[in-house]
Every structure is written in C-alpha cells, then in structure tokens.
Amino acid sequence: MRRVVLKLSGEALASSASDETIDASVVDFLATEIAYSVEAGGLELAVVVGGGNIWRGATGAMAGMNRANSDLMGMLGTVINALALQDAIENHGRPTRVMSAIGMDQVAEPYIRRRAVRHLEKGRVVIFAAGMGNPYFTTDTPAAQRAAEIEAEVVLKGTHGGVDGVYSEDPRKNPHATKYEELSFDEVLAKDLRVMDLTAITFCKDNKLPLRVFDLMAPGNLRRALAGEAVGTLVK
Ligand code: UDP
C-alpha cells in the first residue's frame with residue numbers, strides 16, 4: 001500500500017465559473033478522481049484541505065485584526081471545505097472521515113493519529129481539517145507535518161493556477177522559463193522558488209519527506225499523481 005497526503009488549496013475548490021466560494025462542479029471533479037484512485041487499489045489517501053477560498057488569516061491581520069483570531073477564522077474555513085469534499089467523495093461511493101485539529105464533536109472526529117491510520121487501513125479517505133489547530137501557519141505545514149506523522153511516503157501538492165510543477169521563473173510571465181522534473185530542497189531554498197510555504201519546505205527537508213507539485217486541474221493529472229506517476233515536479 002502507498003500512503004500519501006494530498007494537499008488541496010481551498011482556492012482550488014472555487015472557480016471563475018461560479019459566484020459561490022465553493023464550485024460544486026469542481027469539487028465533484030476532484031472527488032471523482034479521488035474516489036476512482038482509491039477504488040483502483042494500492043492507495044491509502046489522506047487529504048489536507050486549505051481555506052483560502054473562504055478566509056486567510058493574513059488578510060484579517062493586514063486589516064488590523066488580531067492574527068490568532070483571524071487564523072482561527074481561516075481554520076474554520078478549512079472545515080467547511082472538508083465537509084464539501086467529504087460529501088462529494090461519498091457521493092462517489094467512497095467512505096470518508098473528516099478529522100479536525102480543533103475540537104468540534106458534532107461536526108468532525110478529533111484528530112488522533114492512531115485512529116487516522118486505522119481509517120486509512122480500512123480504505124477510508126481521511127480529510128484533515130482545521131490545519132494543525134495552531135495560528136501562524138498555513139495548511140502547507142500541516143500537510144507536511146501530518147504526512148510525517150502518519151508515515152506517508154510523499155506529499156502531493158496540487159496547484160490550480162495552470163502551472164504544472166516548478167519552473168525557474170513564473171512561466172505565465174516568462175515563456176522561456178524552464179521546468180524542473182526533479183530538484184532538491186536546498187535548490188528550492190537557494191533559488192527562493194515559491195513551491196510551498198518556507199516552513200513546510202524546511203519541515204519536508206528536515207524529515208526527508210518528498211514533495212510532488214503538479215497541476216491539479218489538467219485532465220488526468222490528479223489520477224496520475226495519485227497512481228504514483230511522475231507528473232509535475234518532484235522535490236526531494
Ligand atoms: N490556518 C492556521 N493554522 C493552520 C492551518 C491554517 O492558522 O494550521 C489558517 C490560516 O489563517 C490560513 C487559513 O487557515 O490562511 C487557510 O489556510 P490556507 O491559507 O493554507 O489555505 P489555502 O491557501 O490552502 O487555500
């Protein structure tokens with residue numbers, strides 16, 4: 001069994017085609033790919049979902065809010081996204097469990113590592129909500145931290161900006177930018193490549209946790225990434 005953590009940004013759940021913070025058709029697309037991949041076998045999947053489509057802590061802090069309060073709002077946003085994802089994946093016949101880092105018994109199970117692993121072993125898709133429960137982080141760091149904790153072999157970071165992997169420069173601005181098939185964490189840090197939050201990158205480096213960055217929305221990409229294929233860029 002391959003155990004992986006998939007990081008989905010909250011913004012990936014929104015789209016320009018919908019005025020809503022969550023576009024049901026996008027969530028359904030992601031759920032279809034996830035359910036298919038787990039059904040195909042050989043995969044234990046935990047998803048860490050962000051909340052940027054609803055709220056980012058930094059936005060409130062810039063407007064003068066207390067940072068910790070603002071981050072709590074962001075974490076609650078991730079719970080909303082987790083429930084949307086749960087519903088959509090279960091519509092495709094795959095059992096799921098939402099585990100929250102902030103206690104909310106009526107909404108989600110509390111995060112308990114051993115229980116999360118048991119769910120995975122039983123073929124349930126585990127959705128980690130509320131990040132790590134601590135302010136001053138984005139969901140990139142909990143994606144890496146949870147992956148280490150549950151002994152996942154890789155963090156798959158799906159992006160939604162139409163860029164498939166890590167490039168020397170932003171390929172949307174410079175058409176001559178080159179794509180890296182593979183690079184080291186040291187190169188990411190030295191070249192200041194914005195792959196993931198710095199805290200998450202250093203965590204992955206310290207814990208020797210590989211990271212694959214790929215375009216979530218390109219047809220077939222998520223399925224291939226979940227199947228362990230070399231899409232996007234591997235950082236290790
Ligand atoms: N957040 C937090 N601690 C965590 C995870 C998330 O405080 O462990 C808050 C933070 O304010 C963040 C927001 O939740 O901005 C939403 O997460 P994120 O920005 O990672 O969403 P994404 O960019 O993935 O959509």
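Throughout, residue positions are numbered sequentially from 1 according to the sequence presented. Note that the structure is a prediction, hence the values are computed from the model and not measured. Just follow the structure's listing: the first ligand is 1, and inside any ligand the first atom is 1.
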R67 (side chain) donor-acceptor with G60 (main chain) under 3.5 angstrom: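 A pair under 3.5 Å: no.
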Backbone of Y180 reached by a side-chain donor or acceptor of T233 within 3.5 Å: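 Such a contact is found between T233 side chain and Y180 backbone.
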Residues, nucleotides or ligands: over 12 heavy atoms within 6.0 Å of K236 NZ: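 Not more than 12 within 6.0 Å, no.
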Heavy atoms from other residues, nucleotides or ligands near OH of Y36 exceed 12 (cutoff 6.0 Å):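 No, OH of Y36 has 12 or fewer neighbouring heavy atoms, counting only those of other groups under 6.0 Å.
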Shared hydrophobic cluster, L30 / V231 (ILVMFWY, side-chain heavy atoms < 4.5 Å):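 Yes, it is one cluster - the side chains of L30 and V231 are joined through contacts under 4.5 Å.
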Which atom of G10 lies closest to which atom of N53, heavy atoms considered: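 Residues G10 and N53, closest heavy atoms: O-CG, 3.2 Å.
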Under 3.5 Å, N/O to N/O: give me all the pairs between ligand 1 and the protein, one per line with atom names and distance.
residue: ligand 1; atom: 1 (N); partner: F137; partner atom: O; Å: 3.2
residue: ligand 1; atom: 3 (N); partner: N134; partner atom: O; Å: 2.6
residue: ligand 1; atom: 3 (N); partner: F137; partner atom: O; Å: 3.4
residue: ligand 1; atom: 7 (O); partner: N134; partner atom: O; Å: 3.4
residue: ligand 1; atom: 7 (O); partner: F137; partner atom: O; Å: 3.4
residue: ligand 1; atom: 8 (O); partner: M132; partner atom: N; Å: 2.8
residue: ligand 1; atom: 11 (O); partner: G57; partner atom: N; Å: 2.8
residue: ligand 1; atom: 11 (O); partner: D71; partner atom: OD1; Å: 2.5
residue: ligand 1; atom: 14 (O); partner: M75; partner atom: N; Å: 3.4
residue: ligand 1; atom: 15 (O); partner: G57; partner atom: N; Å: 3.1
residue: ligand 1; atom: 19 (O); partner: R56; partner atom: NH1; Å: 3.2
residue: ligand 1; atom: 20 (O); partner: T139; partner atom: N; Å: 2.7
residue: ligand 1; atom: 20 (O); partner: T139; partner atom: OG1; Å: 2.5
residue: ligand 1; atom: 21 (O); partner: G51; partner atom: N; Å: 2.9
residue: ligand 1; atom: 21 (O); partner: G52; partner atom: N; Å: 3.2
residue: ligand 1; atom: 23 (O); partner: R56; partner atom: NH1; Å: 2.5
residue: ligand 1; atom: 24 (O); partner: K7; partner atom: NZ; Å: 2.9
residue: ligand 1; atom: 24 (O); partner: T139; partner atom: OG1; Å: 3.1
residue: ligand 1; atom: 25 (O); partner: G10; partner atom: N; Å: 2.6
residue: ligand 1; atom: 25 (O); partner: G51; partner atom: N; Å: 3.4
residue: ligand 1; atom: 25 (O); partner: G52; partner atom: N; Å: 2.7

